[in-house]
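By convention here, the first residue in the shown sequence is residue 1.
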Amino acid sequence: MSTRTIDTRTVPATGTWVIDPSHSTISAVARHLVVSKVRGTFGDFAGTIIVTEDPAESVVEFTIQSASITTNAEDRDTHLRSPDFLDTENYPQLTFVGTSVTPQDGHWNLAGDLTMRGVTHPIEIDFDFLGVFADPWGNQKAAFTGSATLVREQWGVNWNAPLEAGGLLVSKKLEIELEIQAALQS
(Lines give C-alpha, C1' and ligand atoms only; values in the text may rest on other atoms or scores of the structure.)
Protein backbone atom coordinates (compact mmCIF):
# COMPACT_ATOMS: atom_id res chain seq x y z
CA MET A 1 0.00 0.00 0.00
CA SER A 2 1.04 3.63 -0.45
CA THR A 3 1.85 4.50 3.14
CA ARG A 4 5.04 5.32 4.98
CA THR A 5 6.02 5.68 8.60
CA ILE A 6 7.53 8.89 9.94
CA ASP A 7 8.46 8.98 13.62
CA THR A 8 6.10 6.04 14.30
CA ARG A 9 3.20 7.82 12.50
CA THR A 10 1.72 6.27 9.39
CA VAL A 11 1.01 8.76 6.61
CA PRO A 12 0.02 8.43 2.94
CA ALA A 13 2.70 8.31 0.28
CA THR A 14 3.93 11.60 -1.08
CA GLY A 15 2.04 12.92 -4.07
CA THR A 16 -1.23 14.53 -5.03
CA TRP A 17 -4.39 12.90 -3.76
CA VAL A 18 -7.69 14.10 -5.24
CA ILE A 19 -10.82 13.95 -3.09
CA ASP A 20 -13.44 11.60 -4.53
CA PRO A 21 -16.83 13.27 -3.84
CA SER A 22 -18.73 10.09 -4.72
CA HIS A 23 -17.07 8.32 -1.78
CA SER A 24 -16.76 11.29 0.59
CA THR A 25 -19.11 13.31 2.77
CA ILE A 26 -18.95 16.86 4.13
CA SER A 27 -21.71 17.66 6.62
CA ALA A 28 -22.67 20.42 9.03
CA VAL A 29 -24.65 19.47 12.13
CA ALA A 30 -26.67 21.97 14.17
CA ARG A 31 -28.89 21.58 17.19
CA HIS A 32 -32.55 22.34 16.50
CA LEU A 33 -34.97 23.26 19.33
CA VAL A 34 -31.99 22.82 21.69
CA VAL A 35 -32.23 19.01 21.72
CA SER A 36 -32.28 17.39 18.28
CA LYS A 37 -29.59 17.42 15.61
CA VAL A 38 -30.16 18.41 12.01
CA ARG A 39 -27.53 17.39 9.48
CA GLY A 40 -26.92 19.28 6.23
CA THR A 41 -24.80 17.52 3.65
CA PHE A 42 -23.00 19.21 0.78
CA GLY A 43 -23.28 17.25 -2.45
CA ASP A 44 -20.90 19.22 -4.68
CA PHE A 45 -17.28 19.72 -3.62
CA ALA A 46 -13.75 19.14 -4.84
CA GLY A 47 -10.33 19.20 -3.28
CA THR A 48 -6.74 18.05 -3.25
CA ILE A 49 -4.32 16.82 -0.64
CA ILE A 50 -0.66 17.21 -1.54
CA VAL A 51 1.39 15.03 0.78
CA THR A 52 5.02 16.11 1.06
CA GLU A 53 8.09 14.38 2.53
CA ASP A 54 7.56 16.43 5.68
CA PRO A 55 3.86 15.95 6.57
CA ALA A 56 3.82 19.38 8.26
CA GLU A 57 4.38 20.96 4.85
CA SER A 58 1.51 19.10 3.18
CA VAL A 59 -1.21 21.15 1.47
CA VAL A 60 -4.97 20.60 1.76
CA GLU A 61 -7.49 22.67 -0.19
CA PHE A 62 -11.14 22.18 -1.01
CA THR A 63 -14.07 24.10 -2.43
CA ILE A 64 -17.73 23.46 -1.62
CA GLN A 65 -20.61 24.69 -3.76
CA SER A 66 -22.82 26.30 -1.11
CA ALA A 67 -26.10 25.71 -2.98
CA SER A 68 -25.48 21.95 -2.84
CA ILE A 69 -26.57 21.76 0.81
CA THR A 70 -29.41 19.36 1.53
CA THR A 71 -31.15 18.39 4.76
CA ASN A 72 -33.95 16.37 3.11
CA ALA A 73 -36.44 19.16 3.85
CA GLU A 74 -37.03 21.43 0.84
CA ASP A 75 -38.28 24.44 2.85
CA ARG A 76 -35.31 24.25 5.23
CA ASP A 77 -32.87 23.82 2.32
CA THR A 78 -34.30 26.92 0.63
CA HIS A 79 -33.91 28.85 3.89
CA LEU A 80 -30.31 27.66 4.29
CA ARG A 81 -29.51 28.92 0.77
CA SER A 82 -31.05 32.34 1.55
CA PRO A 83 -29.23 35.45 2.86
CA ASP A 84 -30.21 34.34 6.40
CA PHE A 85 -27.64 31.55 6.19
CA LEU A 86 -25.31 30.69 3.26
CA ASP A 87 -26.53 33.41 0.84
CA THR A 88 -25.66 31.15 -2.08
CA GLU A 89 -26.59 33.70 -4.73
CA ASN A 90 -23.91 36.13 -3.54
CA TYR A 91 -21.47 33.55 -2.15
CA PRO A 92 -21.63 30.42 -4.31
CA GLN A 93 -18.59 28.74 -2.73
CA LEU A 94 -17.09 27.94 0.62
CA THR A 95 -13.33 27.42 0.51
CA PHE A 96 -10.78 25.91 2.84
CA VAL A 97 -7.02 26.40 2.48
CA GLY A 98 -4.86 24.47 4.91
CA THR A 99 -1.98 26.26 6.60
CA SER A 100 -0.42 23.46 8.69
CA VAL A 101 -0.69 19.77 9.51
CA THR A 102 0.62 18.60 12.88
CA PRO A 103 0.42 15.38 14.89
CA GLN A 104 -1.59 15.75 18.08
CA ASP A 105 -2.27 13.05 20.70
CA GLY A 106 -2.31 10.14 18.23
CA HIS A 107 -4.39 12.10 15.72
CA TRP A 108 -3.68 14.94 13.33
CA ASN A 109 -4.59 18.61 13.42
CA LEU A 110 -5.22 20.45 10.17
CA ALA A 111 -5.25 24.22 10.63
CA GLY A 112 -6.45 26.44 7.84
CA ASP A 113 -8.61 29.29 6.67
CA LEU A 114 -12.32 28.78 5.96
CA THR A 115 -14.04 31.37 3.79
CA MET A 116 -17.82 31.49 3.99
CA ARG A 117 -20.06 34.39 2.92
CA GLY A 118 -16.93 36.35 1.95
CA VAL A 119 -15.52 36.16 5.49
CA THR A 120 -12.34 34.22 6.29
CA HIS A 121 -11.46 32.82 9.72
CA PRO A 122 -8.98 30.19 10.86
CA ILE A 123 -10.33 26.81 11.91
CA GLU A 124 -8.83 23.56 13.11
CA ILE A 125 -9.90 20.14 11.87
CA ASP A 126 -9.00 17.17 14.04
CA PHE A 127 -8.63 14.11 11.85
CA ASP A 128 -7.50 10.53 11.66
CA PHE A 129 -5.74 8.94 8.71
CA LEU A 130 -7.48 5.58 8.27
CA GLY A 131 -5.02 4.08 5.81
CA VAL A 132 -4.51 3.47 2.11
CA PHE A 133 -6.38 0.77 0.27
CA ALA A 134 -6.32 -0.54 -3.30
CA ASP A 135 -9.64 -0.68 -5.13
CA PRO A 136 -10.42 -3.67 -7.42
CA TRP A 137 -8.72 -1.85 -10.34
CA GLY A 138 -5.46 -1.28 -8.45
CA ASN A 139 -6.02 2.42 -7.71
CA GLN A 140 -4.67 3.69 -4.39
CA LYS A 141 -7.29 5.32 -2.11
CA ALA A 142 -6.51 7.11 1.16
CA ALA A 143 -9.22 7.50 3.79
CA PHE A 144 -9.58 10.21 6.45
CA THR A 145 -12.22 11.11 9.01
CA GLY A 146 -12.33 14.48 10.73
CA SER A 147 -14.36 17.06 12.59
CA ALA A 148 -14.33 20.72 13.55
CA THR A 149 -16.52 23.01 15.63
CA LEU A 150 -17.51 26.40 14.23
CA VAL A 151 -19.36 29.34 15.74
CA ARG A 152 -21.44 30.33 12.71
CA GLU A 153 -21.84 33.96 13.80
CA GLN A 154 -18.11 34.51 13.10
CA TRP A 155 -19.01 34.25 9.40
CA GLY A 156 -22.07 36.51 9.68
CA VAL A 157 -24.58 33.67 9.88
CA ASN A 158 -26.69 35.25 12.62
CA TRP A 159 -30.30 34.27 11.90
CA ASN A 160 -32.14 32.67 14.80
CA ALA A 161 -35.43 32.64 16.68
CA PRO A 162 -35.87 32.59 20.46
CA LEU A 163 -37.90 29.76 21.98
CA GLU A 164 -40.71 30.42 24.43
CA ALA A 165 -39.17 28.03 26.97
CA GLY A 166 -35.71 29.58 26.54
CA GLY A 167 -32.87 28.91 24.19
CA LEU A 168 -32.67 29.39 20.44
CA LEU A 169 -34.18 27.54 17.51
CA VAL A 170 -30.77 26.88 15.89
CA SER A 171 -27.52 26.37 17.78
CA LYS A 172 -24.77 28.93 17.35
CA LYS A 173 -22.21 26.13 17.07
CA LEU A 174 -21.95 23.83 14.08
CA GLU A 175 -20.17 20.51 14.07
CA ILE A 176 -18.47 19.86 10.76
CA GLU A 177 -18.02 16.18 9.91
CA LEU A 178 -15.71 14.96 7.16
CA GLU A 179 -15.45 11.46 5.72
CA ILE A 180 -12.90 11.71 2.93
CA GLN A 181 -11.62 9.24 0.37
CA ALA A 182 -8.91 10.49 -1.98
CA ALA A 183 -7.27 8.90 -5.00
CA LEU A 184 -3.55 9.07 -5.67
CA GLN A 185 -2.89 10.74 -9.02
CA SER A 186 -0.30 9.17 -11.28
Asp135: partners by side chain to side chain donor-acceptor pair (under 3.5 Å), with sequence neighbours left out = Asn139
request  = For Thr48, enumerate each residue passing the side chain to side chain donor-acceptor pair (under 3.5 Å) test, keeping only those at least two apart in sequence or located in another chain.
outcome  = none
key: Partner residues of Ser66 under the side chain to side chain contact (heavy atoms under 4.5 Å, CB included) criterion, sequence neighbours left out   = Leu86, Thr88, Leu94
ask   = If you measure from CG on Leu174 to CE on Met116, what distance do you get to the nearest 0.5 Å?
value = 7.0 Å
Residues which pass side chain to side chain donor-acceptor pair (under 3.5 Å) with Asn158, listed by chain and number, not counting sequence neighbours = none
task = For residues Val157 and Arg117, report the shortest heavy-atom separation together with the two atoms involved.
result = CG2-CD, 3.4 Å
query = With sequence neighbours left out, what residues match His121 under side chain to side chain donor-acceptor pair (under 3.5 Å)?
reply = none
request  = Output every pair passing salt bridge (charged side-chain N to carboxylate O under 4.0 Å, His left out) with a member in residues 29-44, not counting sequence neighbours, ordered by first then second residue.
outcome  = Arg39-Glu177
ask   = Would you say Gln154 and Val119 make side-chain contact, with heavy atoms under 4.5 Å?
value = no
query = Is it the case that one hydrophobic cluster holds both Ile69 and Val38, taking links as side-chain heavy atoms less than 4.5 Å apart, direct or via other members?
reply = no
key: Residue pairs passing the side chain to side chain donor-acceptor pair (under 3.5 Å) test where at least one lies in residues 124-133, sequence neighbours excluded   = His107-Asp128, Asn109-Glu124, Asn109-Asp126
query = What's the spacing between Asn72 CG and Thr70 OG1 if we round to 0.5 Å?
reply = 4.5 Å
ask   = Any side-chain donor paired with an acceptor under 3.5 Å for Thr52 and Asp54?
value = no
inquiry  = To the closest 0.5 Å, what do you measure between CD (Glu153) and NZ (Lys172)?
reply    = 4.5 Å
key: Contacts of Val170 that satisfy side chain to side chain contact (heavy atoms under 4.5 Å, CB included) - sequence neighbours left out   = Ala30, Arg152, Trp159, Asn160
request  = Give every residue pair that meets the side chain to side chain donor-acceptor pair (under 3.5 Å) criterion with at least one member in residues 89-101, sequence neighbours excluded.
outcome  = Asp87-Asn90
request  = Compare all side-chain heavy atoms of Ile176 with those of Ile125 and state whether any distance is below 4.5 angstrom.
outcome  = no
ask   = Are Leu150 and Trp155 close enough, and set up right, to give a side chain to side chain contact (heavy atoms under 4.5 Å, CB included), and what steps lead you there?
value = CA-CA 9 Å; Leu150 309 180; Trp155 287 269; 3.9 Å; yes
task = Linking directly or through intermediates, with side-chain heavy atoms under 4.5 Å: list the remaining ILVMFWY members grouped with Ile50, chain and number order.
result = Val59
task = Any pair with a residue in residues 55-77 that passes ring pair (Phe, Tyr, Trp, His ring centres under 6.0 Å), sequence neighbours left out, goes on the list, sorted by first then second residue, please.
result = Phe62-Phe96
note = Across all chains, not counting sequence neighbours, the ring-ring contact (aromatic ring centres under 6.0 Å, His included) partners of Phe42 are none
remark   = CG of Leu110 to CG of Leu178, rounded to nearest 0.5 Å, is 9.0 Å
task = Can you see which heavy atom on Val132 is nearest to which on Ala142, and at what distance?
result = CG2-CB, 4.0 Å
Separation between OG1 of Thr71 and CG of Leu80, rounded to the nearest 0.5 Å = 6.0 Å
message = How close do Pro122 and Asp113 get, counting heavy atoms only, and between which atoms?
response = CA-OD1, 3.7 Å
request  = Looking only at non-hydrogen atoms, find the nearest pair between Gln185 and Ala183 and report the distance.
outcome  = NE2-O, 3.1 Å
request  = Output yes when a side-chain donor or acceptor of Ser82 lies under 3.5 Å from a complementary backbone atom of His79, and no otherwise.
outcome  = yes
inquiry  = Any non-hydrogen side-chain atom of Phe127 less than 4.5 Å from a side-chain atom of Ile180?
reply    = no
message = Within this structure, what is the CD-OG distance for the pair Glu179 and Ser27, rounded to the nearest 0.5 Å?
response = 8.5 Å
task = Kindly give the heavy-atom pair with the smallest separation between Trp17 and Ala182, and that separation in Å.
result = CE3-O, 3.4 Å
task = Could you tell me which non-hydrogen atom of Ser24 sits nearest to which non-hydrogen atom of Ile19, and how far apart they are?
result = OG-CG2, 3.8 Å
query = Is Phe45 close to Ser68 at the side-chain level, that is, under 4.5 Å between some pair of heavy atoms?
reply = no
